[in-house]
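First the structure, in the form of structure tokens, and then the observations on it.
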Amino acid sequence: MLPRYEPRGVEERWQETWEAEGLYNADPDPSRTPYVDAHPPPNVTGELHTGHALQLAIGDTVIRMKRMQGFNTLFQPGYDHAGISTQNVVENVLLAEGTSRQELGREAFEERVWAWLHEYGGKILVQFRRMGASLDYRRTRFTMDDEYVRAVMHFFVHLYRRGWIYRANRIINWCPHHETSLSDLELEHHDVDDTLSTIRYPLADGDGYIAIATVRPATIPADVAVAVHPDDDRYTHLIGREVIVPWVERRVPVIADERVEREFGTGALKITPGHDPTDFAIGRDHGLPEPSCIGPDGRVTAEGLEGLTQKEAEERILDWVKERGQLEGRKHYRHSVAVCERCKTRIEPRISLQWWCAMDEIKQPALQALRERKIVFHPESQHRFAIDSLENAPDWNISRQIWWGHQIPVWTCPDGHLTVEEETPPACAECGSTELTRETDVLDTWFSSALWPFATLGWPEETDDLAYFYPGHLQTTAREIIRLWENRMIFSGLELLGEIPFSDIVIHTTVLARDGRRMSKSLKTGIDPLELIEQYGTDATRYGLMKNSLTQDVRFSDSALEEGSKLSNKLWNAARLIVTACGGAAPAERPSSLEERWILARLSQVQREVERLLGEFDFAHTMDELYHLTFDDFCDWYLEAIKVRLYDGDAGARATATAALERLLKLLHPVMPHVTEEIWSYLPGRRTRLIVAPWPEAGDESEAGALERVQDLAQMFRRSGIVPALEGEERRIFNAVVKPERAKVTGNADAERERLRNEIARAEAMLANDRYVQNAPAEVVAAEREKLERYLRELDAIGD
RNA sequence: GGGCGGUUAGCUCAGCUGGGAGAGCACCUGCCUUACACGCAGGGGGUCGCAGGUUCGAGCCCUGCACCGCCCACCA
């Protein structure tokens with residue numbers, strides 16, 4: 001064993017061994033209790049980032065503890081086809097080749113995607129292995145697997161037959177680059193510098209004008225009205241009259257609607273139902289037409305402006321308006337604008353025929369389960385948010401006009417009858433026509449994600465896996481995914497299987513870049529976990545990531561990983577001492593001395609604490625406990641105290657030391673699996689791998705404080721140089737650890753006496769305060785008295 | 001514009017139901033003590049964002065303010 005622990009090589013070796021020996025495998029076994037974490041499937045085109053790494057560390061730590069505790073653990077791996085995202089990647093490849101998906105056609109394009117995926121996709125699972133994640137890789141699922149596709153089709157047909165899926169023409173978010181609809185949740189909002197133009201619309205009867213403010217003059221050709229607030233005195237006399245829309249010179253009415261903000265702009269709003277969500281809502285309520293002047297590609301279609309970009313059309317229209325003296329002014333205006341989260345193209349609100357899933361009924365059981373806390377969020381504060389967002393969830397736009405994904409299983413005959421089946425039907429269900437054409441839209445990626453916890457287990461087939469492993473337990477995810485995914489898994493699970501898919505949701509925090517900004521590829525602020533692993537090792541990276549973050553988003557800091565690195569090295573060297581000194585001493589807890597009873601009690605105490613903390617998914621404090629147990633208690637006190645006895649060949653000390661080390665390794669294994677397994681392999685009499693070794697029984701902890709007095713006096717000795725009056729075992733331990741004959745004292749006795757006298761004076765003053773003694777709880781006062789007595793005794797021990 | 005979280009040592013963060021301000025890193029001092037110098041021992045350093053209030057006692061509770069971050073949101 002080398003003096004310095006070197007994770008490189010060791011970690012890969014154990015990762016391969018564990019997997020090869022089948023120790024990650026989970027199979028139904030009625031004699032054991034399952035524990036399941038269906039790990040969030042990353043995008044098939046993705047690469048490991050810090051969020052994944054943290055998520056894996058958290059999930060794997062819990063899974064490893066549960067596995068040692070005897071649960072039949074299933075840590076489910078897989079990846080997601082990520083519709084738009086993947087299509088985007090492959091389209092970029094095509095672009096570089098000078099072609100496009102339109103040129104290839106749909107079938108050839110899909111083949112290209114598959115080909116690309118076979119070559120480059122799914123590599124992220126290789127990176128998952130480097131995090132030491134004990135996923136059952138045999139069970140890797142992909143949301144485009146044949147079985148999974150069948151599950152998605154089944155889900156769609158199920159919802160359709162329930163009457164919850166319908167088709168409707170509504171205004172939706174349209175990405176002109178991908179030429180598809182997007183749900184509200186797939187947008188980002190960016191602040192942009194824009195120009196607000198004030199334009200006069202002349203009254204049709206030639207008597208003055210009404211001025212409106214707009215940031216999008218290019219949509220003027222599709223205006224169908226001008227709206228004002230019903231109580232706006234400036235305009236009430238104009239309601240019901242008509243104005244003339246510039247450029248197209250069409251007469252449209254002035255209407256009244258409360259949704260118009262009187263304070264904004266001129267207080268008059270041009271109504272363009274075809275290109276603005278608010279206008280669309282107002283237009284529907286007033287029964288207005290819904291013309292369009294912008295095509296799916298974002299270019300203008302209005303007469304006289306065909307094929308122009310919106311920018312060009314805007315200039316033409318503004319010139320037109322200016323020539324006629326109708327341009328009242330233009331001013332700088334900064335506001336937030338929706339963009340496609342994938343390509344950052346500005347969203348074009350557009351009326352389009354889409355498939356929807358009605359939410360009213362399907363969400364009710366989920367809301368009830370959440371309100372009854374059958375699912376617990378960690379931290380608790382996210383619980384309210386989950387309920388609120390589900391309560392307010394609008395109908396779900398589930399169709400996308402892209403090519404990569406699950407094609408909607410709806411067929412139409414020439415008469416327009418719809419046939420909805422899981423597999424291609426032979427003929428129209430209504431008229432028997434065999435001339436069927438399939439719906440070209442695909443489903444929203446999250447539609448298939450919603451099935452992850454049970455489609456991975458074979459649903460809709462009634463498999464043994466499903467019966468045994470469903471419902472699961474743990475779910476780890478980021479905050480922004482709650483509405484997109486968590487809520488949808490919950491209502492789908494309840495609807496299809498009648499049970500919640502998991503019991504605990506850990507919302508981990510966002511790790512920010514070193515400078516406090518968000519990690520992002522485009523800003524180049526990202527931190528590559530593989531580089532961290534290269535530098536610190538997997539164990540240290542796991543430790544460092546979990547040490548960070550609890551309630552608030554936290555900046556990435558290397559010092560936490562360095563700490564992890566030190567911990568693994570410290571553990572390694574402690575083991576080296578015990579292994580070399582004890583040789584093949586069989587581990588046995590037979591404490592014959594105070595420090596041995598103490599360390600065993602401390603191990604039990606910390607174990608209970610770790611069990612409690614991990615039960616609450618409090619990872620940062622778990623790291624803290626383990627670090628101090630290892631450094632302060634195990635190494636600096638216990639090992640220092642028994643070192644000499646180990647060298648002297650004391651059989652009891654050797655057996656106990658080996659046993660204590662075993663317990664320490666077990667406590668650390670869930671967090672630092674590799675270094676602990678490596679050390680474990682050096683210990684005598686090994687029967688099983690540590691990964692599947694039984695979690696220890698926490699024992700008696702009554703002597704966990706037994707060394708406190710010696711520790712206090714040792715510190716005092718180092719400050720004052722005065723050897724305290726200690727006897728028996730306490731004297732022996734003091735001499736073994738502190739070595740008075742060799743220790744150089746840095747402080748002095750006078751300073752120590754001074755410190756104690758000050759403490760005594762403070763305590764006496766507190767106890768002399770009547771209001772304190774009368775009002776403070778009795779135990780607080782009693783504790784103060786004890787402290788005073790202790791100070792007096794210590795002062796006595798070093799001589800006044 | 002809503003909702004949530006934050007503001008504690010030079011840096012990154014802990015401080016559980018109010019009871020003598022903590023950790024790791026960095027810094028200073030002493031030690032190459034035969035497990036580990038990624039070590040051991042000791043130390044310096046903080047009006048706990050600001051202003052009020054409740055209390056015998058406030059980092060923690062209440063009110064107001066100021067910054068910072070995240071999520072959400074149809075003022076064109």
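Proteins come first, then strands; the chains are lettered A, B, ... in the order of their sequence lines, and each starts at number 1.
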Sidechain N-carboxylate O distance under 4.0 Å for A/Lys643, A/Glu640: yes
Give one of base, sugar-phosphate or nothing for A/Tyr543, where a contact means two heavy atoms less than 4.0 Å apart. nothing
Please check the phosphate of B/C72 (OP1 and OP2 only) for any side-chain N or O of A/Arg384 closer than 4.0 Å. no
Angle between ring planes, A/His383 versus A/Phe377, binned at 30° and 60°: parallel, tilted or perpendicular? perpendicular
Of B/G24, B/C56, B/C40, the nucleotide closest to the side chain of A/Asn775 is B/C56
A/Gln715 near the nucleic acid: base, sugar-phosphate alone, or nothing, with a heavy-atom cut-off under 4.0 Å? sugar-phosphate
Does A/Lys566 make a side-chain N or O approach to OP1 or OP2 of B/C25 shorter than 4.0 Å? yes
Below 3.5 Å between N/O atoms, which protein atoms pair up with nucleotides 74-76 of chain B? Just atom names and distances, please.
| residue | atom | partner | partner atom | Å |
| --- | --- | --- | --- | --- |
| B/C74 | O2 | A/Thr278 | OG1 | 2.6 |
| B/A76 | OP2 | A/Tyr333 | OH | 2.6 |
| B/A76 | N6 | A/Glu261 | O | 2.9 |
| B/A76 | N6 | A/Phe264 | O | 3.1 |
| B/A76 | N1 | A/Glu261 | N | 3.3 |

Rounded interatomic separation in angstrom, taking CZ from A/Phe631 and C1' from B/A23: 13 Å
Taken to the nearest whole Å, CZ/A/Arg719 to C1'/B/G44 is 14 Å
A/Asn392 CG to B/G3 P: how many Å, rounded? 13 Å
Determine the interplanar angle of the A/Tyr5 and A/Trp572 rings, folded into 0 to 90°, and report it as parallel if under 30°, tilted if 30 to 60°, perpendicular if over 60°. tilted
Please report, rounded to the nearest Å, how far the P atom of B/C25 is from the CZ atom of A/Phe556. 16 Å
For A/Glu380 and B/C16, what is the distance between atoms CD and P respectively, to the nearest whole Å? 17 Å
Who pairs with B/C72 - Watson-Crick or G-U, where each distance is under 3.5 Å: B/G1
When both distances are under 3.5 Å in a Watson-Crick or G-U wobble arrangement, the nucleotide paired with B/C67 is B/G6
Strictly by Watson-Crick or wobble contacts shorter than 3.5 Å, is anything paired with B/U55, and which nucleotide is it? none
When both distances are under 3.5 Å in a Watson-Crick or G-U wobble arrangement, the nucleotide paired with B/G22 is B/C13
Candidate nucleotides B/C36, B/C56, B/C71, ranked by approach to the side chain of A/Phe385 - the nearest: B/C71
Does a side-chain N-to-carboxylate-O contact under 4.0 Å join A/Glu616 and A/Arg612? yes
Nucleotide B/C25, atom C1' - distance to CE of A/Met623 in whole Å: 18 Å
Among the nucleotides B/G19, B/A23, B/C36, which one has an atom lying closest to any side-chain atom of A/Val780? B/G19
Does a nitrogen or oxygen in the side chain of A/Arg771 sit under 4.0 Å from OP1 or OP2 of B/G57? no
Pick one: which of A/Ile199, A/Val226, A/Val252 meets side-chain contact (heavy atoms from CB on, under 4.5 Å) with A/Val245? A/Val252
Going by an N to O cut-off under 4.0 Å, is there a salt bridge joining A/Asp276 and A/Arg216? no
With sequence neighbours excluded, tell me which residues meet side-chain hydrogen bond (donor to acceptor under 3.5 Å, both in side chains) with A/His286. A/Asp257
With a non-hydrogen cut-off below 4.0 angstrom, is A/Asp388 in contact with a base, only sugar-phosphate, or nothing? nothing
Note: A/Glu534-A/Arg8 ion pair, threshold 4.0 Å (strictly below): yes
G-U wobble or Watson-Crick pairing nucleotide for B/C27 (cut-off 3.5 Å, both distances): B/G43
Side chain of A/Asn569 (C-beta onward), nearest among B/A23, B/C36, B/G15: B/C36
What contact category does A/Ser565 fall into here, base, sugar-phosphate, or nothing, at under 4.0 angstrom with non-hydrogen atoms? base
Expressed as a whole number of angstroms, how long is the span from A/Asp632:CG to B/G39:P? 12 Å
Under a plain distance cut-off of 3.5 Å, with no hydrogens placed, do A/Ser181 and A/Asn397 share a side-chain donor-acceptor pair? yes
Atom-pair distance (CG on A/Leu187; P on B/A73), nearest Å: 8 Å
So what does A/Pro349 touch, heavy atoms closer than 4.0 Å: a base, only the sugar-phosphate, or nothing? nothing
